[in-house]
Asker: 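Have a look at this one before I ask anything.
Below, each value reflects all heavy atoms present in this structure, side chains not excepted, and no hydrogens, waters or symmetry copies.
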Number of protein chains: 2
Amino acid sequence: MAVKKVKKELDTTTEAKIKAAARVVFHKKGFAATRTRDIAEEAGINLALLNYYFRSKEKLFDIIMLETMQGFLKSIAMEFNNDKTTLEKKIEIISSAYIDLLIVEPQVPLFIMSELRSNPNELLQNLNTKQIIMNSAFAVQYQQAIKQGKIAPQHILHFIMNLMALTVFPFVASPMLKIIGDVKDEHFGKLMVERKKMIPIWIKAMMKAK
Amino acid sequence: MAVKKVKKELDTTTEAKIKAAARVVFHKKGFAATRTRDIAEEAGINLALLNYYFRSKEKLFDIIMLETMQGFLKSIAMEFNNDKTTLEKKIEIISSAYIDLLIVEPQVPLFIMSELRSNPNELLQNLNTKQIIMNSAFAVQYQQAIKQGKIAPQHILHFIMNLMALTVFPFVASPMLKIIGDVKDEHFGKLMVERKKMIPIWIKAMMKAK
DNA sequence: GTCTATAACGTGATAGAC
DNA sequence: GTCTATCACGTTATAGAC
């Protein structure tokens with residue numbers, strides 16, 4: 001059958017299998033600690049194929065890194081630029097969507113942050129999330145709310161830090177939290193679900209405080 | 001002079017120089033990405049001396065890791081167990097002390113968290129911070145405040161997560177935040193100082209919200 | 001204790017048969 | 001496209017002179 005492969009089958013392509021495996025292993029161990037052999041094994045393919053399709057470990061990594069960053073920032077960036085929703089609604093949507101995302105792929109934030117630490121962040125410059133967020137519909141609404149005295153006059157970066165901190169940090173710190181708090185995986189999951197309700201409430205309280 | 005070295009001089013010992021260098025490099029790059037040669041160079045000593053004093057890269061790493069974790073958790077653990085201070089005062093002291101600490105060594109949390117990710121956490125088990133926090137004076141005060149209706153009935157781990165998130169996360173995520181927010185290092189530092197004042201205010205507002 | 005030289009090993013990448 | 005075999009190199013660790 002010389003029929004062109006349809007999209008559904010893309011995941012079973014050798015190339016796709018390698019990418020999927022690379023994603024898993026890189027996310028779990030980071031660039032320096034993963035061996036190309038780990039990826040090949042995870043993908044169930046031969047080591048040579050990795051270089052055949054992607055030329056080098058680094059090239060493969062760059063692809064995974066870029067896609068991961070895009071996936072991670074896309075959800076905020078989009079909702080920040082949605083001019084149909086109120087400030088409060090945005091907070092609910094973002095934190096809820098993020099926690100759902102992180103329950104599925106809890107290693108992503110730590111992966112991104114630890115890789116960004118050493119890398120001369122050329123990769124990031126390409127993601128034009130930069131001014132997309134600071135000039136977003138959200139930013140406008142935020143400044144308006146301050147002018148109207150609805151929220152305390154705090155730098156918008158504090159807001160972004162706080163929102164991300166409350167949603168993302170527990171996943172980044174989970175190994176430590178599980179030990180400090182002596183919490184099992186299942187219980188930890190329950191706490192995260194609770195946070196979906198609480199974070200918007202907490203954030204709103206914070207924004208008014210001064 | 002066969003006089004025993006006094007404490008002040010300990011830092012100039014070869015062994016101490018290696019440890020100090022190892023701390024710097026491991027914190028910056030993590031275990032997998034650092035080469036013993038990097039440490040030797042940073043310490044200004046010969047590579048062979050590293051193995052002479054510490055037997056292996058891994059043994060040296062374990063020492064740094066343990067000391068770093070202890071330093072990082074000591075400050076919370078101590079204040080949590082201080083029964084002379086009120087709940088509110090504890091929050092102020094902890095967040096302020098932490099931010100001061102992190103301004104000096106901003107790489108520490110990311111180092112700890114990324115190394116903890118892969119490691120079978122035998123190291124952590126030794127730190128008996130485990131039940132020290134959950135059975136602390138703070139924990140008692142926290143439960144009392146809930147009973148007295150002073151704060152919303154939320155699992156104490158949520159509180160710990162929130163306090164750590166607000167103080168620690170900006171340092172963990174700083175590379176990303178600097179790009180998203182287009183912030184220079186100097187401005188970032190100013191934001192962190194602002195947070196010393198704000199975090200206790202925010203936390204108190206959150207604790208009452210429901 | 002400190003150095004140089006080198007051994008022993010792991011890992012990324014490729015050549016070449018199929 | 002996929003495999004086996006192997007190269008080339010960097011890195012950890014040690015032997016042995018000083």
Side-chain angles (χ1 to χ4, degrees), chain A residues 1-7 9-66 111 114-115 118-119 123, chain B residues 1-7 9-65 114-115 118-120:
Chain A
M1 302 231 305
V3 179
K4 238 188 199 169
K5 302 214 165 167
V6 290
K7 279 188 182 175
E9 288 174 284
L10 272 179
D11 298 359
T12 60
T13 285
T14 297
E15 189 176 343
K17 271 196 292 188
I18 296 173
K19 258 181 66 173
R23 190 179 168 88
V24 170
V25 181
F26 279 138
H27 282 189
K28 186 163 142 199
K29 308 216 253 183
F31 178 79
T34 87
R35 298 169 308 153
T36 51
R37 285 168 168 80
D38 296 335
I39 296 173
E41 194 185 348
E42 171 80 22
I45 54 102
N46 190 279
L47 173 57
L49 286 177
L50 191 150
N51 292 287
Y52 174 75
Y53 280 104
F54 296 95
R55 260 194 66 82
S56 77
K57 178 188 178 185
E58 203 166 352
K59 290 249 198 308
L60 176 53
F61 177 81
D62 287 347
I63 293 171
I64 301 299
M65 183 66 176
L66 186 66
F111 165 75
S114 49
E115 295 302 330
S118 24
N119 280 19
L123 276 172
Chain B
M1 303 229 302
V3 179
K4 237 188 198 170
K5 303 215 166 165
V6 291
K7 279 188 181 176
E9 289 175 282
L10 272 177
D11 299 0
T12 61
T13 284
T14 298
E15 189 176 342
K17 273 196 290 187
I18 297 173
K19 258 181 65 173
R23 190 180 168 89
V24 169
V25 182
F26 279 139
H27 281 189
K28 185 162 144 201
K29 309 216 252 183
F31 177 80
T34 87
R35 299 169 308 153
T36 50
R37 282 169 167 78
D38 296 334
I39 297 172
E41 194 185 349
E42 172 80 24
I45 54 103
N46 190 278
L47 174 56
L49 286 177
L50 191 149
N51 292 287
Y52 174 76
Y53 280 104
F54 296 97
R55 259 195 69 80
S56 77
K57 177 187 177 185
E58 204 168 349
K59 290 250 198 305
L60 175 54
F61 176 81
D62 287 348
I63 292 171
I64 301 299
M65 182 65 176
S114 51
E115 295 302 330
S118 24
N119 279 20

Asker: Would you say the side-chain atoms of Ser56(B) pair up with the backbone N or O of Lys59(B), donor to acceptor, closer than 3.5 Å?
Answerer: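 Side chain of Ser56(B) to backbone of Lys59(B), a donor-acceptor pair under 3.5 Å: yes, one is there.
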Asker: Output the residues of residues 18-29 of chain A in contact with DNA chain C, where contact means a heavy atom of the residue under 4.0 Å from an atom of the strand; sort by number or write none.
Answerer: none
Asker: Rounded to whole Å, please give me the gap between CZ in Phe61(B) and P in dT11(D).
Answerer: 18 Å
Asker: Applying salt bridge (Lys or Arg N to Asp or Glu O under 4.0 Å) as the test, list every pair that has at least one member in residues 24-33 of chain B; sequence neighbours left out.
Answerer: Lys29(B)-Asp38(B)
Asker: Provide, to the nearest angstrom, the distance between the CG atom belonging to Asn51(A) and the C1' atom belonging to dA8(D).
Answerer: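 It is 14 Å, rounded to the nearest whole Å.
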Asker: What is the separation between atom CG on Asp38(B) and atom P on dT11(D), rounded to the nearest whole Å?
Answerer: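 One finds 8 Å between P of dT11(D) and CG of Asp38(B), rounded.
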Asker: Nearest 0.5 Å, what's the CD-NE2 distance between Glu115(B) and His27(B)?
Answerer: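 Spacing of CD (Glu115(B)) from NE2 (His27(B)) equals 9.5 Å.
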Asker: Residues two or more places apart in sequence or in another chain: which of them pass side chain to side chain contact (heavy atoms under 4.5 Å, CB included) with Ala32(B)?
Answerer: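 For Ala32(B) the side chain to side chain contact (heavy atoms under 4.5 Å, CB included) partners, ignoring immediate neighbours, are Ala32(A), Ala33(A).
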Asker: Heavy atoms, side chains only, cut-off 4.5 Å: are Leu60(A) and Tyr53(A) in contact?
Answerer: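 When only atoms from C-beta onward are counted, Tyr53(A) and Leu60(A) do not touch, as no gap falls below 4.5 Å.
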Asker: Between the protein and nucleotides 2-4 of chain D, list the N/O to N/O atom pairs that are separated by less than 3.5 angstrom.
Answerer:
residue, atom, partner, partner atom, Å
dT2(D), OP1, Thr14(A), OG1, 2.8
dT2(D), OP2, Thr14(A), OG1, 3.4
dT2(D), OP2, Tyr53(A), OH, 2.6
dC3(D), OP2, Asn46(A), N, 3.4
dT4(D), OP2, Asn46(A), ND2, 3.0

Asker: Checking Leu47(A) now: which residues fulfil side chain to side chain contact (heavy atoms under 4.5 Å, CB included) with it, not counting sequence neighbours?
Answerer: Thr36(A), Arg37(A), Ala40(A)
Asker: Only counting residues at least two apart or in another chain, list the ones meeting side chain to side chain contact (heavy atoms under 4.5 Å, CB included) with Glu41(B).
Answerer: none
Asker: Return the CD1 to CD1 distance between Ile18(A) and Ile39(A), rounded to the nearest 0.5 Å.
Answerer: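 It comes to 9.0 Å.
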Asker: Are Lys19(A) and Phe54(A) side-chain neighbours, meaning at least one heavy-atom pair lies under 4.5 Å?
Answerer: yes
Asker: In B/S/- notation, 5' to 3', how is nucleotides 6-11 of chain C contacted by protein heavy atoms closer than 4.0 Å?
Answerer: -----B
Asker: Rounded to whole Å, how long is the line connecting atom CD1 of Ile39(A) with atom P of dA13(C)?
Answerer: 10 Å
Asker: Just jot down the salt bridge (Lys or Arg N to Asp or Glu O under 4.0 Å) partners of Lys57(B), sequence neighbours excluded, or say none.
Answerer: none
Asker: By ring pair (Phe, Tyr, Trp, His ring centres under 6.0 Å), which residues pair with Phe31(B), not counting sequence neighbours?
Answerer: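 Ring pair (Phe, Tyr, Trp, His ring centres under 6.0 Å) check on Phe31(B) returns Phe61(B).
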Asker: Whole Å only: how far is the CG atom of Leu50(B) from the C1' atom of dT14(D)?
Answerer: 13 Å
Asker: Could you give the CZ-to-P distance, from Phe54(B) to dG1(C), as a whole number of Å?
Answerer: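 Answer to the nearest Å: 12 Å.
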